[in-house]
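Quick notes on the structure that follows.
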Protein chains: 2
Amino acid sequence: METSDLKKAGLKVTLPRMKILEILENSETRHLTAEAIYRELLDSGEEIGLATVYRVLTQFEAAGLVCRLHLEGNQAVFELERGGHHDHIVCNQCGRVEEFFDETIETRQREIARQHGFSIKDHALVLYGDCDDSACPHRPV
Amino acid sequence: METSDLKKAGLKVTLPRMKILEILENSETRHLTAEAIYRELLDSGEEIGLATVYRVLTQFEAAGLVCRLHLEGNQAVFELERGGHHDHIVCNQCGRVEEFFDETIETRQREIARQHGFSIKDHALVLYGDCDDSACPHRPV
DNA sequence: CGGCTCGATGATCAAGATTCTCATTTCTAT
DNA sequence: ATAGAAATGAGAATCTTGATCATCGAGCCG
Ligand SMILES: [Mn+2]
Ligand SMILES: [Mn+2]
Ligand SMILES: [Zn+2]
Ligand SMILES: [Zn+2]
């Protein structure tokens with residue numbers, strides 16, 4: 001199911017690429033840094049270079065297989081492209097990431113861009129706050 | 001008009017700090033990287049270290065005098081804090097930055113955060129597109 | 001005004017993230 | 001299986017930003 005996507009993108013089907021796809025598919029959080037993917041590969045006994053992880057992720061992004069998020073913090077975050085556009089809410093305390101899609105906001109963005117004479121191609125919206133997860137360290141006990 | 005703000009923040013009034021404020025005030029684009037500020041200072045004959053620019057900007061941010069934006073691209077962008085919150089539209093071609101504020105979007109963000117159990121503290125919204133500036137390199141001639 | 005003290009500065013080094021280089025390995029098509 | 005092209009891994013390199021530390025200067029007192 002992925003090998004065809006790789007071939008479609010003109011990318012050889014290699015072990016590092018398959019493994020990286022696998023990790024992105026099976027991840028709980030679904031939003032991973034290159035480092036996190038790299039560490040998971042090392043932990044599972046794969047011999048892989050960090051450079052390969054970055055290289056492959058960039059290629060996947062170009063091929064539309066993953067997208068790259070720039071949340072605050074210095075590392076980019078990658079997630080599998082599942083077709084539906086969405087934006088993100090990030091917990092300042094525990095880092096949990098939730099997704100949402102709001103047509104009202106999407107529409108307003110298009111209107112605003114038009115009013116300013118821009119033809120909008122993309123946007124990045126991230127909400128930052130404190131979540132209500134019982135495991136979240138900031139919660140009052 | 002700024003020296004008092006510096007003192008209020010517990011910062012000595014020094015030449016580098018004044019010059020940096022000056023550049024932020026007089027800049028056409030109003031959104032500058034640390035490097036851009038540094039180069040402008042060098043060009044105007046000031047002897048200043050890049051480290052000082054970064055240090056001062058970080059202090060200004062902590063003091064609420066400037067805010068730091070993370071647009072796509074690897075460098076942070078700084079602008080004078082003028083009191084009113086706003087979000088940004090960036091031209092993919094020429095880099096022009098426009099500002100907007102939309103109460104509908106702000107309200108929806110709060111509602112969405114609440115629905116997800118987050119108490120929202122902040123957000124980052126940037127629209128990317130092609131602008132209609134006649135000087136913008138991408139325009140069809 | 002002249003000096004004192006501590007914060008500020010600038011040069012340099014350092015750290016973290018990401019990319020590049022290049023010799024070696026691995027796909028893929030024949 | 002073989003050749004050719006592409007991919008990999010190790011490490012160096014780059015870029016942005018922050019840390020160190022000796023020197024300098026702003027603010028304060030007399
Ligand atoms: Mn997502
Ligand atoms: Mn702005
Ligand atoms: Zn949380
Ligand atoms: Zn433009």
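Below, read A as the first sequence line, B as the second, and so on, with proteins coming before strands; counting in each chain starts at 1. All values reported here derive from a predicted model rather than from experimental measurement.
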Rounded to the nearest Å, what distance is computed from the [atom1] atom of residue [X] to the [atom2] atom of nucleotide [N]?
{"X": "B/Gln59", "N": "C/dA8", "atom1": "CD", "atom2": "C1'", "result": "8 Å"}
{"X": "B/Leu50", "N": "D/dC15", "atom1": "CG", "atom2": "P", "result": "13 Å"}
{"X": "A/Ile37", "N": "C/dT18", "atom1": "CD1", "atom2": "C1'", "result": "14 Å"}
{"X": "A/Leu42", "N": "D/dG9", "atom1": "CG", "atom2": "C1'", "result": "12 Å"}
{"X": "A/Met18", "N": "D/dT8", "atom1": "CE", "atom2": "P", "result": "12 Å"}
{"X": "A/Arg39", "N": "C/dG16", "atom1": "CZ", "atom2": "P", "result": "13 Å"}
{"X": "A/Gln75", "N": "D/dT17", "atom1": "CD", "atom2": "P", "result": "15 Å"}
{"X": "A/Glu61", "N": "C/dT18", "atom1": "CD", "atom2": "P", "result": "12 Å"}

Which part of the nucleic acid, if any, lies within contact of [X], taking any heavy atom under 4.0 Å across all strands shown: a base, the sugar-phosphate backbone alone, or nothing?
{"X": "B/Ala76", "result": "sugar-phosphate"}
{"X": "A/Glu47", "result": "sugar-phosphate"}
{"X": "A/Thr58", "result": "sugar-phosphate"}

**OP:** Report the C-alpha separation of A/Leu80 and A/Phe60 in whole Å, then their side-chain angles, then the decisive distance to 0.1 Å, and conclude whether the side-chain contact (heavy atoms from CB on, under 4.5 Å) test is met.
**Re:** CA-CA 9 Å; A/Leu80 263 195; A/Phe60 283 2; over 6 Å; no

**OP:** If a protein heavy atom is under 4.0 Å from the base, mark B; if only from the sugar-phosphate, S; if neither, -; do that for nucleotides 21-30 of chain C going 5' to 3'.
**Re:** B-----BS--

Can [X] and [Y] be counted as having a side-chain donor-acceptor contact under 3.5 angstrom?
{"X": "B/Glu103", "Y": "B/Thr107", "answer": "yes"}
{"X": "B/Gln75", "Y": "B/His70", "answer": "no"}
{"X": "A/His86", "Y": "A/Glu79", "answer": "yes"}

Original post:
Can you find a side chain N or O atom of B/Tyr54 that sits less than 4.0 Å from OP1 or OP2 on D/dG18?
Top reply: no

**OP:** Could you tell me whether B/Glu111 and B/Arg108 make a salt bridge, using a distance below 4.0 angstrom between a side-chain N and a carboxylate O?
**Re:** yes

Subject >> Lys/Arg-Asp/Glu bridge criterion (N-O < 4.0 Å) met for B/Glu28, B/Arg30 >> reply: no

Original post:
If you pin B/Gly10 and B/Tyr38 to their nearest nucleotides in DNA chain C, which one's is more 5'?
Top reply: B/Gly10

Original post:
Relative to the 5' end of DNA chain D, which residue comes earlier, A/Arg17 or B/Asn74, by the nucleotide with the nearest heavy atom?
Top reply: A/Arg17

Subject >> Pair B/His123 and B/His85, ring centroids less than 6.0 Å apart >> reply: yes

